[in-house]
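All chains are named by letter (A, B, ...) in the order of the sequence lines, taking the proteins before the strands, and each is independently numbered beginning at 1. These figures come from a predicted structure and were not determined experimentally.
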There are 2 protein chains.
Amino acid sequence: MKKQCPVATTMNLIDNKWKILILRDILKGPKRFGFLKKSVVGISSKMLSQNLHEMERDGILNRKVFPEVPPHVEYSLSPLGESMRPIIRSMEKWGNNYLENVKGKQQIKF
Amino acid sequence: MKKQCPVATTMNLIDNKWKILILRDILKGPKRFGFLKKSVVGISSKMLSQNLHEMERDGILNRKVFPEVPPHVEYSLSPLGESMRPIIRSMEKWGNNYLENVKGKQQIKF
DNA sequence: AACCTAAGTTACTAAAAAGTAGCATTTGTA
DNA sequence: TACAAATGCTACTTTTTAGTAACTTAGGTT
């Protein structure tokens, strides 16, 4: 069997924008469904639910259900998820630099 | 206007797997269409062409056409593209660690 | 008795993304 | 004569993804 590309491997686990943004939020601490729904601008319940389940399945997130009514569910990082912090951090740095130094200082619109 | 999220900003420019993998290759040096077609496993001509044009439009890549027959086109990094190196690098590191330490040592399949 | 809450699920539909095949270019070679 | 080379583009179809609306649960509040 041939060796797999590490970059492609990473992309197989965080393969869409929503997962990155969910990760961005949960890296700051455990979060509830409702919080993420508001924080991840534009995501629908369905997409949020779906991505959270996939990330749990892939071992990136932990899901803790509090047996209460109304429901209370908390999502937190697993060690594997925590190990993705440098990836998100590098994106954050790049985005900050872009917003400060590139966007708006060029004529082409973003 | 409200401040934008730097992580979301980054994701708006490299919003799919193909762009990441194209970037991975061109970070090693300028590449031709045909090379990328073989290297980015699974990509179609259409997708490759489309993503290359988007990346050029967004200022990440430079496109240089050599007026020859058969056509010769070379894609290289702009300074903005070059500045994404740490992002790809962090993904590469994470992927390597995952392949070595996680995948295969757990029962759930990948 | 009816409504509210949080966290979803389900079914249905609409939209976006991607696959496929065929075509074009133009010079050189078999 | 006809084919090959490299780099796409176009039109058409299929597949995948995502949006929307309705529904559920069960205890607490008006």
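- A side-chain donor-acceptor contact under 3.5 Å links A:Asp25 and A:Ser39.
- Looking at A:Ser90, its side chain does come within 3.5 Å of a backbone N or O of A:Ile87 through a donor-acceptor pair.
- Closest to the side chain of A:Pro71, from the set C:dG8, C:dA6, C:dA18, is C:dA6.
- Protein atom CZ of B:Phe66 is 18 Å distant from nucleotide atom C1' of C:dT26, rounded to whole Å.
- Listed nucleotides: C:dG8, D:dA26, D:dG8. Nearest to the side chain of A:Val69: D:dA26.
- Taking every side-chain heavy atom of B:Lys46 into account, D:dA11 is the closest of D:dA11, C:dG8, D:dT20.
- Rounded to whole Å, the distance from CG on B:Asn51 to C1' on D:dT7 is 16 Å.
- Helix-axis bend for the helix from C:dA1-D:dT30 to C:dA30-D:dT1: the local axis fitted to the five terminal pairs at one end deviates from that at the other end by 30°, rounded to 10°.
- No hydrogens or angles considered: a donor-acceptor pair under 3.5 Å links the side chains of A:Lys17 and B:Asn12.
- Atom-to-atom, CD of A:Gln50 to C1' of D:dA18 comes out at 8 Å; the value is rounded to the nearest Å.
- Within the 4.0 angstrom heavy-atom criterion, only backbone atoms of the sugar-phosphate kind lie near B:Tyr75; the bases stay farther away.
- Closest to the side chain of B:His53, from the set D:dG8, C:dT9, D:dT7, is D:dG8.
- Remark: side-chain polar atoms of A:Asp58 are not paired, donor with acceptor, to backbone N or O of A:Ile60 under 3.5 angstrom.
- When each of D:dA18, C:dA18, C:dG8 is scored by its nearest atom to the side-chain atoms of A:Arg63, the top-ranked nucleotide is C:dG8.
- Side-chain nitrogen and oxygen atoms of A:Arg32 include at least one within less than 4.0 Å of the OP1 or OP2 phosphate oxygen of C:dA7.
- A:Thr10 contributes a side-chain N or O that, together with a main-chain N or O of B:Met91, makes up a donor-acceptor pair within less than 3.5 Å.
- Screening A:Arg63, A:Lys64, A:Lys31 for a side-chain hydrogen bond (donor to acceptor under 3.5 Å, both in side chains) involving A:Tyr75 leaves a single residue, A:Arg63.
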